[in-house]
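Input: a single structure, listed below in structure tokens.
These numbers come from the heavy atoms of this one structure, side chains and all, not from hydrogens, waters or symmetry mates. Proteins come first, then strands; the chains are lettered A, B, ... in the order of their sequence lines, and each starts at number 1.
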Amino acid sequence: GENVEQHPSTLSVQEGDSAVIKCTYSDSASNYFPWYKQELGKGPQLIIDIRSNVGEKKDQRIAVTLNKTAKHFSLHITETQPEDSAVYFCAASTGFGNEKLTFGTGTRLTIIP
Amino acid sequence: DAGITQSPRHKVTETGTPVTLRCHQTENHRYMYWYRQDPGHGLRLIHYSYGVKDTDKGEVSDGYSVSRSKTEDFLLTLESATSSQTSVYFCAISGDKNGAEAFFGQGTRLTVV
């Protein structure tokens, strides 16, 4: 089955700097790659996603890039703010729906004021 | 926030007892999912439902059963709880199978002693 590896497991950056979280996947059939943000005591929330027919997608300070050849995708957060502190999960789907989502193990991002 | 309510939010139970967790949605979404979240493992799919009385197994379904008799309710049952089922359980819903955004509930922290 699909295997998703996520790095780093923890990341601390100064407020205003950029943060990058990387994921690799094993199944070349994967075609949907969402990123979730989980704040303490809450459920994960989708922040951005990308499909395999697109190489990059941006939404304000957040961007995701996908390299299908290398089978990796990354989350980029620019101009980080204290409210960006959370656990971030990447995921990959080999099917057409969320039932086949395989999650990474998460990255705890801390923004240092 | 999407209308998802998980109950109970916290539960302590003894090994060998049956436990039922409830997920209730007010969004009339077709798809519902149960995940468990454990340190070092991210989120893993237990079971999912694609309609009333239509369910299927996920990655870690052993020891769990589900039922969906109404669109709005998805029940997860641990027939005989074990310590390895101590975890945080999340319910999620989505309205479309083709990679639509999944909305997560607040989670249920279950401790089996």
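For residues 64-73 of chain A, a heavy-atom distance under 4.5 Å to chain B picks out no residue at all. Among residues 104-113 of chain A, the residues having any heavy atom closer than 4.5 Å to a heavy atom of chain B are, in sequence order, A:Gly104, A:Thr105.
Considering only residues two or more places apart in sequence or on other chains, A:His7 meets the side-chain contact (heavy atoms from CB on, under 4.5 Å) condition with A:Glu5. Contacts of B:Ser65 classified as side chain to side chain donor-acceptor pair (under 3.5 Å), with partners at least two apart in sequence or in another chain: B:Glu79.
A:Val13 and A:Ile21 fall within the same hydrophobic cluster, defined by Ile, Leu, Val, Met, Phe, Trp and Tyr side-chain heavy atoms under 4.5 Å apart, directly or through other members. Tracing side-chain contacts under 4.5 Å through hydrophobic residues (I, L, V, M, F, W, Y), one reaches B:Val19 starting from B:Ile46; they form part of the same cluster. Residues A:Ile48 and A:Leu11 share a single hydrophobic cluster, defined by chaining ILVMFWY side chains whose heavy atoms lie under 4.5 Å apart. Under the 4.5 Å side-chain heavy-atom criterion for ILVMFWY residues, no single connected hydrophobic cluster contains both A:Phe33 and A:Val20. Residues B:Leu75 and B:Ile93 do not share a hydrophobic cluster, defined by chaining ILVMFWY side chains whose heavy atoms lie under 4.5 Å apart.
Around atom CZ of B:Arg44, more than 12 heavy atoms belonging to other residues, nucleotides or ligands sit under 6.0 Å away. Heavy atoms of other residues, nucleotides or ligands lying less than 6.0 angstrom from CD of A:Glu83 number more than 12. A 6.0 Å sphere centred on CD of A:Glu79 holds no more than 12 heavy atoms belonging to other residues, nucleotides or ligands. Counted within 6.0 Å of CD on A:Gln14, heavy atoms from surrounding residues, nucleotides or ligands total more than 12; the atom is thus considered enclosed.
Only the side chain of A:Gln38 has a heavy atom closer than 4.5 Å to any heavy atom of chain B. Using a 4.5 Å cut-off between heavy atoms, B:Gln37 contacts chain A through its side chain alone, with no backbone atom that close. Contacts of B:Arg9 with chain A are made by side-chain atoms alone, with heavy-atom separations under 4.5 Å and no backbone atom involved.
A:Lys42 and B:Gln106 get closest at one heavy-atom pair: CA-OE1, 3.7 Å. Contact record, B:Leu43 with A:Phe103: O-CD1, 3.4 Å, taken as the closest heavy-atom pair. When all heavy atoms are compared, the tightest approach of B:Phe90 to A:Gly43 is CE2-CA, 3.4 Å.
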- Query: Do B:Tyr35 and A:Leu101 pass the side-chain contact (heavy atoms from CB on, under 4.5 Å) test, and can you show the C-alpha distance, the side-chain angles, and the key distance before you say yes or no?
  - Reply: CA-CA 11 Å; B:Tyr35 290 88; A:Leu101 271 176; 4.2 Å; yes
